[in-house]
Amino acid sequence: MVSTPASAQPRSATHDVTNQPPPLAPYDAAEDPALLEGLRREGAGWAEEDVRRLGRRAGSAEAQEWGELANRYEPRLRTHDRYGNRVDEVEFHPAWHHLMRVAVGAGLAGAPWGDERPGAHVARTAGGLVWGHTEAGHGCPTSMTYAAVPALRAQPDLAEVYEPLLTGREYDPVLRVPSQKPALLAGMGMTEKQGGSDVRTNATAAAPTAEPGVYTLHGHKWFTSAPMCDVFLVLAQAPGGLSCFLVPRVLPDGSRNTFRIQRLKDKLGNRSNASSEPEFEETVAWRVGPEGRGVKTIIEMVNCTRLDCVMSSATLMRKTLVEAGHHVRHRSAFGARLLDQPLMRNVLADLALESEAATTLTLRLAGAADRAVRGDAGEQAFRRIATAVGKYWVTKRGPAFTAEALECLGGNGYVEESGMPRHYREAPLLSIWEGSGNVNALDVLRALGREPGTADALFAELALARGADARLDTAVGRLKDRLTGTDQAGARRLVESMALALQASLLVRHAPAAVADAFCASRLGGDWGHSFGTLPDGTGLDAILERALPDAD
């Protein structure tokens with residue numbers, strides 16, 4: 001047999017893989033000075049080691065894979081069992097359960113309400129800012145569980161039974177009698193087809209039974225996420241008006257409550273999380289708070305979930321900034337690393353400013369929430385207006401930010417395997433969930449008109465930075481002038497001015513000079529373009545990047 005010369009043998013590869021970044025994971029999602037400094041500043045420095053440990057786990061290859069798998073293999077609705085019995089269950093990939101188990105165990109659900117340490121709510125928010133680097137969908141049930149506790153307190157007898165379970169740290173995904181489980185997850189059913197955010201148009205009817213406080217519901221809900229939660233807070237029309245009710249999936253006798261899931265939504269993003277359309281027919285429910293006070297009862301839940309929208313947007317910004325920084329550090333073009341090219345450094349530094357401002361504001365809001373629940377009236381007033389302001393602005397910045405971070409990867413960022421398309425699809429949700437931009441802007445106007453103390457609280461916060469930056473002082477002066485005479489059509493502009501002044505004041509007080517100066521020059525001083533990467537000449541790009549991305553050298 002004649003052998004073929006080596007030079008004549010076909011090559012098995014047509015190219016070598018070069019000039020591509022290595023995998024990012026493992027990395028430390030908590031390696032963020034703005035986050036760690038804010039954690040300490042807002043009274044939860046005692047949780048730093050736990051947050052760092054969670055950040056390392058979030059950035060592990062295993063946890064990153066969980067996030068990818070939970071979105072690749074989406075939840076499936078199973079309406080009936082093999083025998084034909086109606087079960088209305090949603091099946092999730094095991095990765096979803098892994099993510100949930102860690103999140104609940106780390107106290108990212110209702111745990112802070114059972115923790116008497118000052119800063120417990122700040123610690124939870126910081127944990128969300130790092131664990132959210134895995135994926136966003138499973139943050140929905142943990143957020144709703146966190147938010148359900150203060151609303152449930154409107155009915156002390158129910159809170160006595162359910163609050164210890166909602167604050168538990170053990171994840172149990174099996175539907176069972178709530179009192180027989182180590183911990184519970186809560187959801188909410190508010191919106192309906194005909195009204196959306198206008199929940200006063202709800203048509204679901206609540207009929208009282210012979211048992212005091214117990215009703216039966218008849219109707220539908222249009223967007224009820226995480227339908228495998230154990231209990232739900234639901235709005236329905238009782239004889240005395242729109243009211244809030246607690247609806248368990250399993251009744252005390254072990255039978256299934258009527259909770260017919262018509263379908264799961266085919267959503268743009270957030271695809272790991274099941275969002276459903278449940279139908280109620282003779283569904284047993286317990287009233288929470290007085291009849292006719294449903295919106296007032298559940299509004300505290302909304303305030304908590306709005307904070308989580310800000311947190312999730314800030315998390316998404318930080319995650320995509322880390323991804324973009326990793327790529328440009330290892331990718332070269334036109335004879336130089338992308339990271340070493342001045343225009344790319346301008347883009348990254350601009351993104352870093354936006355990310356730090358979002359993270360710093362998030363933790364300030366969490367600090368206000370923590371101190372408000374402990375009886376600080378001034379912080380309660382500040383929280384009332386600043387959470388709505390932050391919800392409007394930070395979630396609005398998310399989609400543009402994520403698109404710019406994706407673009408740093410070029411065509412590679414447009415490929416699903418990079419993970420960036422998933423982040424990009426996620427970004428718009430956070431502006432829509434818990435009230436769209438218009439709803440939050442109008443809520444700010446409502447607070448200013450009905451609760452004058454909220455404006456005083458906001459300007460008291462801004463006054464803490466008075467005299468530190470002339471551009472900020474000018475912006476605050478303009479803001480005071482705008483407060484008088486702003487109508488509905490100007491609400492967005494007013495809230496944007498509030499948000500930028502608030503972020504700038506926090507950075508002036510707490511961030512390095514290079515960060516604060518660049519933010520004030522661009523966001524307040526007008527020396528900025530209409531897209532990221534347009535910071536003015538003389539900006540301390542190196543200092544900004546070294547802080548945000550320590551390896552960006």
Positive for side chain to side chain contact (heavy atoms under 4.5 Å, CB included) with Val394, one of Ser312, Ser313, Cys309: Ser313
Is it the case that atom [atom1] in [X] sees more than 12 heavy atoms from other parts of the structure closer than 6.0 Å?
{"X": "Glu116", "atom1": "CD", "value": "no"}
{"X": "Arg76", "atom1": "CZ", "value": "no"}
{"X": "Arg293", "atom1": "CZ", "value": "no"}
{"X": "Glu160", "atom1": "CD", "value": "no"}
{"X": "Arg200", "atom1": "CZ", "value": "no"}
{"X": "Tyr215", "atom1": "OH", "value": "yes"}
{"X": "Glu65", "atom1": "CD", "value": "no"}

Using atom types as modelled and distance alone, determine if a side-chain donor or acceptor of [X] lies under 3.5 Å from a backbone N or O of [Y].
{"X": "Trp96", "Y": "Glu91", "result": "no"}
{"X": "Ser505", "Y": "Leu502", "result": "yes"}
{"X": "Ser355", "Y": "Leu351", "result": "no"}
{"X": "Thr145", "Y": "Ala186", "result": "yes"}
{"X": "Ser60", "Y": "Arg56", "result": "no"}
{"X": "Gln64", "Y": "Ala58", "result": "yes"}
{"X": "Ser143", "Y": "Cys140", "result": "no"}
{"X": "Ser243", "Y": "Gly292", "result": "yes"}
{"X": "Thr359", "Y": "Glu356", "result": "no"}
{"X": "Asn257", "Y": "Leu251", "result": "no"}

Decide, yes or no, whether a salt bridge links [X] with [Y] under the criterion of side-chain N to carboxylate O below 4.0 Å.
{"X": "Arg364", "Y": "Glu37", "answer": "no"}
{"X": "Lys181", "Y": "Glu170", "answer": "no"}
{"X": "Glu323", "Y": "Lys319", "answer": "yes"}
{"X": "Glu74", "Y": "Lys267", "answer": "no"}
{"X": "Asp230", "Y": "Arg176", "answer": "no"}
{"X": "Asp443", "Y": "Arg384", "answer": "yes"}
{"X": "Glu434", "Y": "Arg306", "answer": "no"}
{"X": "Arg509", "Y": "Glu461", "answer": "yes"}
{"X": "Asp308", "Y": "Arg124", "answer": "yes"}

Nearest heavy atoms of Leu165 and Pro178, plus distance in Å: CD1-O, 3.5 Å
Shortest non-hydrogen separation from Thr305 to Ala147 and the atoms involved: CG2-CB, 3.5 Å
Would you tell me whether [X] and [Y] have side-chain atoms, one donor and one acceptor, within less than 3.5 Å of each other?
{"X": "Ser436", "Y": "Asn438", "answer": "no"}
{"X": "His133", "Y": "Tyr27", "answer": "yes"}
{"X": "Thr283", "Y": "Thr258", "answer": "no"}

For Glu192, side-chain hydrogen bond (donor to acceptor under 3.5 Å, both in side chains) partners two or more places apart: Gln194, Thr204, Lys221
Once you round to the nearest 0.5 Å, how far does [atom1] of [X] lie from [atom2] of [Y]?
{"X": "Asp28", "Y": "Arg57", "atom1": "CG", "atom2": "CZ", "result": "14.0 Å"}
{"X": "Thr315", "Y": "Glu135", "atom1": "OG1", "atom2": "CD", "result": "12.0 Å"}
{"X": "Thr224", "Y": "Gln262", "atom1": "OG1", "atom2": "CD", "result": "11.5 Å"}
{"X": "Arg72", "Y": "Ser272", "atom1": "CZ", "atom2": "OG", "result": "13.5 Å"}

Residue pair Arg153, Glu300: steps toward the salt bridge (Lys or Arg N to Asp or Glu O under 4.0 Å) verdict: CA-CA 10 Å; Arg153 288 176 175 177; Glu300 185 60 28; over 6 Å; no
Student check: side-chain heavy atoms of Leu108 and Val102 closer than 4.5 Å: no
Residue that, paired with Phe232, satisfies ring pair (Phe, Tyr, Trp, His ring centres under 6.0 Å) out of Phe280, Phe259, Trp286: Phe259
Side chain to side chain contact (heavy atoms under 4.5 Å, CB included) between Gln503 and Thr360, worked out: CA-CA 8 Å; Gln503 287 183 322; Thr360 303; over 6 Å; no
Qualifying residue for side-chain hydrogen bond (donor to acceptor under 3.5 Å, both in side chains) with Asn270, from His138, Glu426, Arg422: Glu426
Step-by-step side chain to side chain contact (heavy atoms under 4.5 Å, CB included) determination, Met190 to Val302: CA-CA 10 Å; Met190 296 173 61; Val302 173; 4.1 Å; yes
Candidate pair Arg249 and Glu89, rule salt bridge (Lys or Arg N to Asp or Glu O under 4.0 Å), full reasoning: CA-CA 10 Å; Arg249 286 292 314 264; Glu89 294 191 355; over 6 Å; no
Cation over ring face, Lys265 and Trp222, 6.0 Å, 45°: yes
Side chain to side chain contact (heavy atoms under 4.5 Å, CB included) assessment of Leu307 paired with His121: CA-CA 11 Å; Leu307 170 59; His121 296 268; over 6 Å; no
